[in-house]
Each structure stands twice: as C-alpha cells, then as structure tokens.
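To start, the structure itself, in structure tokens.
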Amino acid sequence: MSTLLLKNADVVVTMDAGRREIRGGSVFIRDHVIEAVGQAADLPQSAGEVIDLAGHVLMPGLINTHHHMYQSLTRVIPAAQDAELFDWLSALYPVWAGLTPEMIQVSTQVAMAELILSGCTTSSDHLYIYPNGCRLDDSIEAAVGIGMRFTACRGSMSVGRSQGGLPPDAVVEQEDAILRDTRRLIETWHDASSHSMLQIAVAPCSPFSVSRDLMRESAALARSYGVRLHTHLAENFKDVDYSREKFGMTPAEYAESLGWTGHDVWHAHCVQLDAAGIALFARSHTGVAHCPCSNMRLASGIAPVPQMLAAGVPVGLGVDGSASNDGAHMLGEARQALLLARVGHGPAALSARQALEMATLGGARVLGREDIGALAPGMSADCVAFPLGDVGLAGGAVHDPVAALVFCTPPRAAWSVINGRVIVREGRLTSIDLPEVQRRHDVLARGLANAVR
Ligand SMILES: [Zn+2]
C-alpha cells in the first residue's frame, strides 16, 4: 500500500457537504482514495511521499464535461476563424475526413496534457468522426497512457448532406455499424465501479447529423447497459430553427420525445434552451455542459446558466473542442463562465465560488460520478494545487486566495494527483514526454491541413 500526504496548503477547498475551506490544511491519501482531510496538525505527519504545499491552494481536480480532442490538430485554421457553428463545421469537415488513428492518439494526448496542466483531472471526450480506420479505442489508449480519468463518448454521424444533414456524405457511418461498435466499446471498456478510470457514454453528434431512429436506439442501448447519454443541443438560433423546421419542435421537446432527458443524460451548450426547456431539464435532472469560451468564439450566445442553477439543473463546465475554443484551460473556463454570466445576467449572476463549484461538483454530477469533485474521506484521490506566488495573482491572493483563482489570470497547476498518482510535479507532466508528443502532433497537424489544399 502506498501513502501520500499533501500538507500545509494555504487553503484546502474541499467542496464537501459543508463547502469547508481549511486554512493550513492537508490531505492524506492511501493508494487511490482520500483517507483524511483537515488541519495539518490533525493529520498523519508522515507518508510514503510527503509534498509541502505552502503557498498553494489545494482543491479537487477540475472536471471537463465536453470536448473534441482531435480538434487540437485543426486550431486556428484560417478558413474557420470567423464563422458561426454551421459554416465553421462545413469548413472543417473536409479537413477532419483525413484523420488517422495516429492523429487521434497524439492529439488526444496533447489535449489531455493541456487540460491536466490547467488543473483538470477528469475529462470526457466526444469523438464523432471515424474516417480511415479511426476508433474510440485510439482515444482510450491515449488516456490510459497519460493517466487521466476519462469518460469516452462514442459519437456518431449518420445523416449526410444528401439526406438533409449538415456533414458531407463521406464522413457519416451506417447506423447498424454505429450501434454494433458502441456495444463493443461498452463491453470492452466500460468500468462502472467506484473510482473507475474509464467509462463509456453513447453520444450521437447532434440532431442535425443523426436520425430520430439513431437517437432512440442509442438511448435504448445506453439504458440496457446503464451507461450515460450525451449530445449537442440548442447551441445557437440556427440549431433551434433546424429543429423547428425539421421536427416541428424546440430542441428540448425533440430531446424529450426521443427519451433524451433524465438523470443519465447530459447535453452540451443549451445556449438557446427556453424557459420550458429549463423546467423540463430541472424536473428530469437532465445535465448541461456549459462551454462559455466556445459559445463566445462561435457567437452562439449567452447560456441561461443562472436560471438553470436556480431551477436545479445539473450544470458542469466544458472547454469544448480545441477548434472552437482554441485555448483549453479548465480554470480559465471557470473564469469565462463567471465573466460571461455577468455580461448576460448582471454582476450577481455567478460568484467565483459558484464557478469553482460548477467546475468540480457540477461536472461530477453531470458525468454521473459520486466519487469525484470533492476532497473528503472515501473520494477518489484527484487533487490539484495552484501556486499563489504566480505574478498573475499578486495582490488578489492576499485578500481572497480562492476567489483570486477565478478573478485573476488563471495559473497552471503546480501539482496534480490523479487516482493517487502524481501526474504533475512542480509544473511538469510526469507521465509522457510532452515536448516529443507535441513535436509529432504539429507534424501531423500540418499534414492534415495540407491534404485538402
Ligand atoms: Zn462540441
């Protein structure tokens, strides 16, 4: 058995039932589980490894509920820099058609490295395009290699342009093949146990790229295995118009009509969710992945997050794909959530601590996890420490070190422990050779873009 003591943090943000913030606190970890949290003097003073966190805030690892990691290869592509969602997608689909299994693996590791260094310890990823032999297993192997807790979403697209959908026919799959592969992935990889490092979710891409049948059958398949459901919903006005024209319903009504509401469902964006939709989501405990940077980047709008929270909708944060939020910083996303909520809904719309709660407990709830998102005995040992000496926090850390993490320029994590393993040590990733992976990534990114020129 191995033990790890994280001691003497200036503040331990627990996110426990009492939302305690402990000055001069420590966390004691045995193997992959937290055993004790409290004042440094009240905890064991020694362990297999002891890390002194004076000058740091220690908190639960942040949780990212929506991403498309392969898009790290296609950041800032000039043709997609200044477009809204549908034009942005139409510019990028032909590039993504050139993806290979190696590209999925390498881009997933780069995206995860970036997230981990920004304080994230658990992420979901939504892979919905499978050209040239790509498989979700490529993402999963990347996650296992880097040591990140992972919810891998088996995305899909089945309605191509010739059938009235948005994606080109060349990048859609047959529906029976999608369902067969989804079943294989759940049976091969899904681990429902406590402290699981890997779960599978069923995730048709969006109402404008799959059929009603696939939405219905995906829900039935997911529920037969007890796994979660994920898709994009009500992202912008065009998305709502498409739903009204094609289905004669709002996106929320459409989701409900297909069985896509419930405690085991989370939808990305929901920027244009109306009041009836918010009430429906609250009633049915349907979750939302709020992605403020992407919503701003694509000019999708301002999500009604304060209204959702007030109604009791589970809301987590998502950085979204690297091509619609070209800077995936999980703590930065919490900051943008606070700022955007205030632009839309006034200065009291969201506090710093509410933003941090969305990034931890909110994310855990949305991903259906009761074992992450808080520092308390029995929880998975996922903790991050942010340095208060960072010049971006100067002054702010003196007055309120916890709020400073959200109001000031977001620092990188100095330490990250995932499932009891030290993955970031003094600001450096320990599990992969990041400079080498990044070098390969940029060669692949260039090749992918050049292939369509
Ligand atoms: Zn997305």
Carefully, step by step, assess I29 and V27 under the rule side-chain contact (heavy atoms from CB on, under 4.5 Å).
CA-CA 7 Å; I29 293 164; V27 171; 4.0 Å; yes

E235 and R297: salt bridge (Lys or Arg N to Asp or Glu O under 4.0 Å), yes or no, with the steps?
CA-CA 12 Å; E235 184 162 348; R297 158 62 146 107; over 6 Å; no

Are T65 and W266 close enough, and set up right, to give a side-chain hydrogen bond (donor to acceptor under 3.5 Å, both in side chains), and what steps lead you there?
CA-CA 9 Å; T65 61; W266 86 106; 4.6 Å; no

Residue pair E357, R19: steps toward the salt bridge (Lys or Arg N to Asp or Glu O under 4.0 Å) verdict:
CA-CA 9 Å; E357 187 166 324; R19 303 292 187 272; 3.0 Å; yes

Go through it in stages, so that I can follow the logic: the residues are V402 and L356, the test is side-chain contact (heavy atoms from CB on, under 4.5 Å), and I'd like the CA-CA distance, side-chain angles, deciding distance and then a yes or no.
CA-CA 9 Å; V402 177; L356 289 176; 3.7 Å; yes

Yes or no on side-chain contact (heavy atoms from CB on, under 4.5 Å) for M379 and V33, after CA distance, side-chain angles and deciding distance?
CA-CA 6 Å; M379 300 294 279; V33 179; over 6 Å; no

Evaluate side-chain contact (heavy atoms from CB on, under 4.5 Å) for T121 paired with I116, printing each intermediate quantity in order.
CA-CA 6 Å; T121 54; I116 290 170; over 6 Å; no

Determine, stepwise, if the pair R425 / E49 fulfils salt bridge (Lys or Arg N to Asp or Glu O under 4.0 Å).
CA-CA 12 Å; R425 187 177 285 281; E49 180 171 9; 2.8 Å; yes

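Looking at R184 and D137, a side-chain N of the basic residue comes within less than 4.0 Å of a carboxylate O on the acidic one, giving a salt bridge. Between R412 and E426 there is no salt bridge, since no side-chain nitrogen of the basic residue lies less than 4.0 Å from a carboxylate oxygen of the acidic one. At a threshold of 4.0 Å, the pair D10-R23 does not count as salt-bridged, since none of the basic side-chain nitrogens sits closer than that to a carboxylate oxygen. The pair E173-R180 does not count as a salt bridge, with every side-chain nitrogen at least 4.0 angstrom from each carboxylate oxygen. Using a 4.0 Å cut-off between a side-chain N of Lys or Arg and a carboxylate O of Asp or Glu, R353 and E21 qualify as a salt bridge.
The environment of CD in E187 is crowded: more than 12 heavy-atom neighbours from other residues, nucleotides or ligands sit within 6.0 Å. Within a 6.0 Å radius of CD in Q39, other residues, nucleotides and ligands contribute more than 12 heavy atoms.
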Distance-only donor-acceptor hits, side chain of residues 301-321, under 3.5 Å, sequence neighbours excluded:
unit_1	atom_1	unit_2	atom_2	d
D320	OD1	H66	NE2	3.2
D320	OD1	H68	NE2	3.3
D320	OD2	H269	NE2	3.3
D320	OD2	S294	OG	2.7
D320	OD2	S324	OG	3.2

Donor-acceptor contacts, no H, no angles, side chain residues 98-106, under 3.5 Å, sequence neighbours left out:
unit_1	atom_1	unit_2	atom_2	d
T100	OG1	M103	N	3.2
E102	OE2	R440	NH2	3.3
Q105	NE2	E141	OE1	3.3

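With hydrogens and angles left out, the side-chain atoms of S193 and S196 include no donor and acceptor closer than 3.5 Å. Residues W260 and T231 have side chains that never bring a donor and an acceptor to within less than 3.5 angstrom of each other. Of the N and O atoms on the side chains of S158 and E175, at least one donor lies less than 3.5 Å from an acceptor on the other residue.
A cation-pi arrangement is absent between R154 and Y128, since the terminal nitrogen or guanidinium carbon is not both under 6.0 Å from the aromatic centre and inside a 45° cone about the axis.
No donor-acceptor pair under 3.5 Å is formed between the side chain of R283 and the backbone N or O of I278. Formation of a donor-acceptor pair under 3.5 Å by the H126 side chain with backbone atoms of G155 is not found in this model.
Contact record, H56 with A54: ND1-O, 3.1 Å, taken as the closest heavy-atom pair. Of all non-hydrogen atoms in S322 and S72, the two that sit nearest each other are OG-OG, 2.9 Å. Heavy atoms only, all atoms of each residue included: A445 and L73 are closest at CB-O, 3.5 Å. Between L375 and C383, the shortest heavy-atom distance links the atoms CD2-SG, 3.9 Å. Of all non-hydrogen atoms in L233 and P207, the two that sit nearest each other are CD1-CG, 4.1 Å. Residues A364 and I372 approach most closely at CB-O, 3.3 Å, considering heavy atoms.
Inter-residue side-chain proximity for T74 and L448 is flagged as met; some heavy-atom pair is nearer than 4.5 Å. No side-chain heavy atom of D181 sits under 4.5 Å from any side-chain heavy atom of L179.
Annotation: the span from R335 atom CZ to C293 atom SG amounts to 10.0 Å, rounded to 0.5 Å. With rounding to the nearest 0.5 angstrom, the CD1 atom of I63 is 8.5 Å from the CZ atom of R369. If you take CD on Q71 and CG on D326, they are separated by 9.5 Å, rounding to the nearest 0.5 Å. Interatomic distance, H32 NE2 to L4 CG, rounded to the nearest 0.5 Å: 14.0 Å. The NE2 atom of H67 lies 12.0 Å from the CG atom of L127; values are rounded to the nearest 0.5 Å. Summarising the geometry, atom CG belonging to N8 is positioned 11.0 Å from atom CG belonging to L58; distances are rounded to the nearest 0.5 Å.
Taking the six-membered ring where the residue is Trp, the centroids of H267 and H230 are separated by 6.0 Å or more.
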